[in-house]
Amino acid sequence: TILIAFFAEFMELFYKEIAAEITINSVQFVDKETFTDLPLGEKKVLDVLVKVQTISGKPSEFFIHIEVESGYPTDFPERMFNYYTALRLRHHLPVFSIVLYLEKQGQGLWRETHREALMGKRVVLFDYEAIGLPELDAETYLATGNPLAFALAAQMKRGDWSKARLKYECLSRIARCAVDDARKSLLINWVQTYLELSESEQQAFDTLVAASPFVEEVRTVLLTYEG
């Protein structure tokens, strides 16, 4: 839901060059694309599938497919390849494939690959984009001013910050960002869900809020969320 509501911000945050080529007012979200023709008869529903048009017209339109994963299934690269193949066969359009990892450690932004070989000869080499939130720097992404970053930073590396400080930095920016209340509630919900505090951490957070020049704004968004 948050990636659909902040699709333009997502692309701008992680793939600026592609975002610059997309005609944003032409974006079409494909509603729950379901595949039942994958290997082993699996029924799969894609997380986010978007058809976009380009400014240059080369190509004139293509799909952006985003999967969100909490863990790292061993068969995931093959699954992404199967999604790509099924989309290409069904729609005859290029596909830009992305996975957003919520917990995977090791890298921040990289490309994953599905390979297949036969008799020592490579027959498939499929790359797709990967984002690992836990390996990205929260302070760096908060500084972008991108509203979506204010939520996703809750799962990024804290550096020298405590959990309480990171939560304060996220929520204080959400409180002041220029998005409507419905989308703002999605950002707040993400932070509250993925950045839970212990009792002592909550006390430290409350102290930060009380000393903040944005105390009223932060308390307002918290009350709105709790309400």
Side-chain angles (χ1 to χ4, degrees), residues 1-16 18-19 22 24 26-53 61-114 126-136 141 146-156 179 182-195:
T1 300
I2 200 171
L3 293 183
I4 291 173
F6 290 91
F7 173 73
E9 289 85 351
F10 175 83
M11 295 302 296
E12 176 66 25
L13 189 62
F14 296 114
Y15 304 105
K16 286 186 178 181
I18 293 177
I22 295 172
I24 291 299
S26 71
V27 168
Q28 301 175 43
F29 293 98
V30 181
D31 186 32
K32 296 296 182 184
E33 182 94 351
T34 304
F35 293 103
T36 56
D37 52 351
L38 294 178
L40 304 179
E42 295 175 290
K43 181 177 180 180
K44 295 292 185 180
V45 180
L46 304 189
D47 289 338
V48 179
L49 182 63
V50 189
K51 183 189 283 188
V52 300
Q53 295 180 355
E61 58 183 8
F62 66 97
F63 282 109
I64 296 175
H65 165 219
I66 308 170
E67 286 293 301
V68 181
E69 289 290 324
S70 55
Y72 185 69
T74 56
D75 67 339
F76 188 75
E78 181 180 4
R79 193 197 315 169
M80 285 294 278
F81 172 66
N82 288 336
Y83 289 155
Y84 171 85
T85 303
L87 286 168
R88 284 286 284 159
L89 290 172
R90 182 176 292 184
H91 297 286
H92 307 288
L93 288 174
V95 182
F96 185 69
S97 304
I98 307 167
V99 57
L100 176 67
Y101 289 113
L102 305 184
E103 299 174 3
K104 182 176 170 59
Q105 304 286 337
Q107 301 183 68
L109 299 175
W110 75 104
R111 291 176 66 81
E112 289 187 334
T113 303
H114 170 66
F126 169 68
D127 290 343
Y128 56 94
E129 303 295 324
I131 305 166
L133 292 182
E135 292 302 320
L136 300 177
Y141 278 85
N146 186 308
L148 182 61
F150 302 159
L152 299 186
Q155 288 166 281
M156 296 181 184
V179 301
R183 295 206 304 160
K184 188 173 288 189
S185 68
L186 291 173
L187 301 176
I188 298 166
N189 182 65
W190 187 282
V191 175
Q192 295 285 57
T193 299
Y194 291 110
L195 196 51

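The analysis underlying the following values was restricted to heavy atoms, covering all of them including side chains, and did not include hydrogens, waters or symmetry mates.
Shortest non-hydrogen contact noted between V52 and S26 is C-OG, 4.4 Å. Scanning all heavy atoms of the two residues, the minimum distance from A130 to Y101 falls at CB-CE1, 4.2 Å. Considering all non-hydrogen atoms of both residues, M156 and L136 come closest at CB-O, 3.1 Å.
A donor-acceptor pair under 3.5 Å is absent between the side-chain atoms of D127 and the main chain of R111, judged by distance alone.
Atoms CD and CG, from E67 and L49 in turn, are 9.5 Å apart once rounded to the nearest 0.5 Å. We find the CD1-CZ distance between I64 and F10 to be 9.0 Å, quoted to the nearest 0.5 Å. Taken to the nearest 0.5 Å, the CZ atom of R183 stands 10.0 Å off from the CD1 atom of I2. Taken from CD in E112 to CE in M80, the straight-line distance is 8.0 Å, to the nearest 0.5 Å. A distance of 11.5 Å separates CD1 of I24 from CD of Q53, quoted to the nearest 0.5 Å. The line from CG of L102 to CD of E69 is 8.5 Å long, rounded to the nearest 0.5 Å.
Aromatic rings of H91 and F63 (six-membered ring for Trp) have centroids within the 6.0 Å cut-off, being under it. When ring centroids are compared, Y141 and F14 come within the 6.0 Å threshold.
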Item to check | Pair I66-V99, side-chain contact (heavy atoms from CB on, under 4.5 Å): steps then yes or no | outcome: CA-CA 6 Å; I66 308 170; V99 57; over 6 Å; no
Checklist entry - For L100 and L3, what are the C-alpha separation, side-chain angles and deciding distance, and is it a side-chain contact (heavy atoms from CB on, under 4.5 Å)? => result CA-CA 10 Å; L100 176 67; L3 293 183; 4.2 Å; yes
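Looking at Q155 and W190, their side chains do bring a donor and an acceptor atom within 3.5 Å of each other. For the residue pair Y83/E78, the side-chain donor-acceptor check at 3.5 Å is not satisfied.
The ring-ring contact (aromatic ring centres under 6.0 Å, His included) search around F150 returns none, not counting sequence neighbours. Applying the ring-ring contact (aromatic ring centres under 6.0 Å, His included) criterion to Y128, with sequence neighbours excluded, gives F126.
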